[in-house]
Amino acid sequence: MGSPPLPGIPRGLDASRRSFLIPSHACPQGVTDSEKRIHNLTAENEGLKQSLGVAQGLLQQLVSASAQSPAPVAKENEGLRARVQQLEATLQQKVEELMCLEVQMDRLQWRKEEEVRHLDERLRGLQLSLEAHKNQPPEVQISAYEAEIAGLQQDLVREINQLEARKEEAVREASRCSEQHLQQLREQLAGVRQRLDALQPLLRGMKSDYNSLRGQVHSFADCYEAALGEARRQMCSALDEASHANHLLQGRYQREVLLRKKCQEQLLELKGNIRVLCRLKPLTSTDRQEGEAGATVGADPADDGCVTACYKGKERTFKVDKVFLPQAAQEEVFQEIEPLVMSCLNGYNVCIFAYGQTGSGKTYTMEGVPDNPGINQRALQALCREMEAKEGAWKYTVSLSMVEIYNEAIRDLLAKDPQEKLDIKLNPDGSGQLHVPGLTSVEVRSFREIKKMLSLGKRNRVTSSTNMNERSSRSHALLTVTITSTELSSGTKVTGKLNLVDLAGSERVWKSGAQGERLKEAQNINRSLLALGEVIQALRAKQAHVPFRNSKLTYLLQDSLGKGSKTVMMVQISPLEKNVGESICSLKFAQRVCKVELGPASRRIDASAQRDV
Ligand SMILES: Nc1ncnc2c1ncn2[C@@H]1O[C@H](COP(=O)(O)OP(=O)(O)OP(=O)(O)O)[C@@H](O)[C@H]1O
């Protein structure tokens, strides 16, 4: 009872402590000592209950205050709460015991009262008998009464003593129990207090930690905001600088592109206008499945204009303008010829043809595959883009025709009846130009329309198989795009023609094992390719007469192969060892063409338009 008050919670506990000290004079007058003690114990018990209630309340506060505390304190609190619950249970048990004692005492009281009543009755009976014995001599009567009363008094005293002894015993027992219980409660309360005392500084420490952490978080957020702002500012200025630099670079790049185009044009003018490119086909998965060995033909890594082929143990070297390695992409190939293609818009006639044996990749280079188009589509797309870009300053008319030369007969691939054979005639307008009467020439306005026409032409193309390549194309396919460009400011009109030719296989006929109709096809193909070679020879030799009319192919290509035109020949080379003989033939042809100088190309300017200007 002499322990100091719990810091922070003195009032509740003091009140409870005061209630333990209820003085004995607070008991009603005339009660026995035992009753007084019971009364005091009950009061003390009540006081303890109250203090326990207060302690619980405080504990509750502490629990809620330390709700955000870390785990160890929460655990400690949990322990304390369990302890208090345990104390409550013990207290409850003791209260029940006390109640039992009270019931016992009530029962004793009742018995005592019964005894008294019984004695009163007996006294009354005796008084009655005394009345009845009044007639007896008074001395006898008195002594008899006295003896009886003395006996009764003794009985009564004995009985009262017994009851007193029992009561004393019960009270002693109750008091002993209560003392023990009280002692336990005091000890437990002291333990709780100690724990609370120990928890207080911990809680205070945690609070100050929490506050300092909060402060740190606030200051960190400020620092972070400031750093972020600074970083943003730096990034913005770096971006501005980069975009400015980018702008400058773009300008320079545009100038360089123009310069490059101009240089290429000049280079072509200087070199003559025939370029021979060579594309080495990669080994396809089919070739690998068939166990074909490759790499009989290769390129010189130090010189991109040099092809080497090993044949019968001898290595031969061929010179061309450029070699595309097997891994070259379609776009890379197109980029090389793009300036030539674009010169169509300036009134130049351009012819690009793919030459090589069956299966060497001619169709792949010209048409390409659906997800990787070749020169034809890329060229038309680039032209469309350029025309769109120049819209407003120039007006363009684009027409498209597609023919196939099969067995020296020209067929219109865009006609309703593609089987009809057409002929080549001189234009009756006296311009000296050739034309094919009846040939469908479709005016197209968009790349979408062009693509539609290309797929129609492809469908109509005659293909048949040989024993060398199932998909072998046995005809020459010629796609001609005629573009008339009118400069709106001056009215100058120029017409350029782009011929894109996928030649039939160049292999020597005896090797294909053809017979009958196939033999005739192969002979015609060889004849027209031979004629192409002769035309090129004549051009190289600057002969007055160039035999364009020796085949339908050369006749048709006359204006694209002759003087003032730009020509690209893409020689396709198979990598397979079994094809090395054909590869050497193709490379010889390429070398022959490469030596031809066509002289500076010339623009075709519409004379009447010039007159108008
Ligand atoms: N550079 C390449 N990259 C990937 N595959 C190619 C390449 N060149 C050709 N091929 C493939 O090789 C096969 C034969 O090519 P392609 O049909 O183009 O030969 P071709 O010379 O046109 O034959 P033909 O004379 O019969 O028309 C095709 O499956 C084609 O896709």
Side-chain angles (χ1 to χ4, degrees), residues 277-290 292 294-299 307 322-337 352-378 402-407 413 454 457-479 500-509 511-514 518 521-526 528-529 532 553 569-576 578-583 585-587 589-590:
L277 312 177
C278 175
R279 188 175 191 184
L280 306 182
K281 191 190 133 182
L283 260 187
T284 60
S285 49
T286 327
D287 297 332
R288 277 196 208 93
Q289 274 166 15
E290 286 169 9
E292 293 289 351
T296 47
V297 183
V307 192
K322 185 173 170 71
V323 182
F324 291 104
L325 296 175
Q327 62 270 24
Q330 297 279 64
E331 179 60 22
E332 189 185 332
V333 173
F334 174 66
Q335 272 175 6
E336 188 62 33
I337 56 162
I352 298 165
F353 59 97
Y355 179 98
Q357 74 176 111
T358 293
S360 58
K362 298 182 294 295
T363 310
Y364 184 86
T365 295
M366 297 309 288
E367 272 180 28
V369 283
D371 58 345
N372 197 4
I375 290 172
N376 292 5
Q377 271 201 44
R378 285 173 200 268
M402 279 177 88
V403 297
E404 175 197 62
I405 305 172
Y406 174 67
N407 271 346
L413 294 178
L454 293 184
K458 195 176 170 188
R459 274 201 304 277
N460 287 336
R461 191 174 173 198
V462 176
T463 55
S464 64
S465 64
T466 70
N467 60 6
M468 278 195 80
N469 185 331
E470 279 218 322
R471 290 176 64 247
S472 169
S473 167
R474 309 301 304 151
S475 61
H476 309 300
L478 172 59
L479 163 67
L500 299 158
V501 193
D502 181 2
L503 294 169
S506 63
E507 62 275 2
R508 287 156 295 173
V509 70
K511 205 180 172 192
S512 71
R518 293 284 174 274
E521 279 177 5
Q523 281 169 342
N524 277 323
I525 292 162
N526 273 10
S528 58
L529 292 176
L532 184 64
L553 173 72
M569 190 173 80
M570 183 69 74
V571 180
Q572 296 285 148
I573 299 293
S574 160
L576 305 183
K578 67 173 183 180
N579 289 335
V580 68
E582 289 299 334
S583 298
C585 281
S586 296
L587 287 166
F589 182 85

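We count ligands from 1, going down the list as the structure has it; atoms in each ligand are counted the same way.
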statement: Note: ligand 1 atoms sitting under 4.0 Å from heavy atoms of Gln357 are 21 (O)
- request: Give a yes/no on ligand 1: does Gly356 have at least one heavy atom closer than 4.0 angstrom to it?
  value: no
message: Tell me whether Thr284 has any N or O atom under 3.5 angstrom from an N or O of ligand 1.
response: no
task: Look at the side chain of Gln330 and the backbone N and O of Tyr364, then say whether any donor-acceptor pair between them is shorter than 3.5 Å.
output: yes
- prompt: Within a strict 4.5 Å, meaning less than it, do heavy atoms of the Ile375 and Ile337 side chains meet?
  reply: yes
message: I'd like the name of whichever of Asp502, Thr286, Thr363 reaches closest to atom 22 (O) of ligand 1 through any heavy atom.
response: Thr363
statement: Closest to atom 21 (O) of ligand 1 (heavy atoms only, candidates Lys362, Glu367, Gln572) is Lys362
task: Considering the heavy atoms of Lys281, write down every atom of ligand 1 situated less than 4.0 Å from one of them.
output: 7 (C), 8 (N), 9 (C), 12 (O)
statement: Taken to the nearest 0.5 Å, the spacing of Leu529 CG from His476 NE2 works out to 5.0 Å
message: Can you tell me which portion of Pro282 lies within the under-4.0 Å heavy-atom range of ligand 1? Options are side chain, backbone, both, or neither.
response: side chain
message: Go through it in stages, so that I can follow the logic: the residues are Thr365 and Gln572, the test is side chain to side chain donor-acceptor pair (under 3.5 Å), and I'd like the CA-CA distance, side-chain angles, deciding distance and then a yes or no.
response: CA-CA 9 Å; Thr365 295; Gln572 296 285 148; 2.6 Å; yes
query: Hey, is ligand 1 close enough to Leu503 that some N/O pair sits below 3.5 Å?
result: no
query: Is ligand 1 less than 4.0 angstrom away from at least one heavy atom of Arg279?
result: yes
Validation row: Leu479, Met366 side chains within 4.5 angstrom (heavy atoms): no
message: Has Lys362 got a side-chain atom pairing as donor or acceptor with Ala354's backbone, closer than 3.5 angstrom?
response: no
task: Decide yes or no for Ser574 and Glu582: does some side-chain heavy atom of the first lie under 4.5 Å from some side-chain heavy atom of the second?
output: no
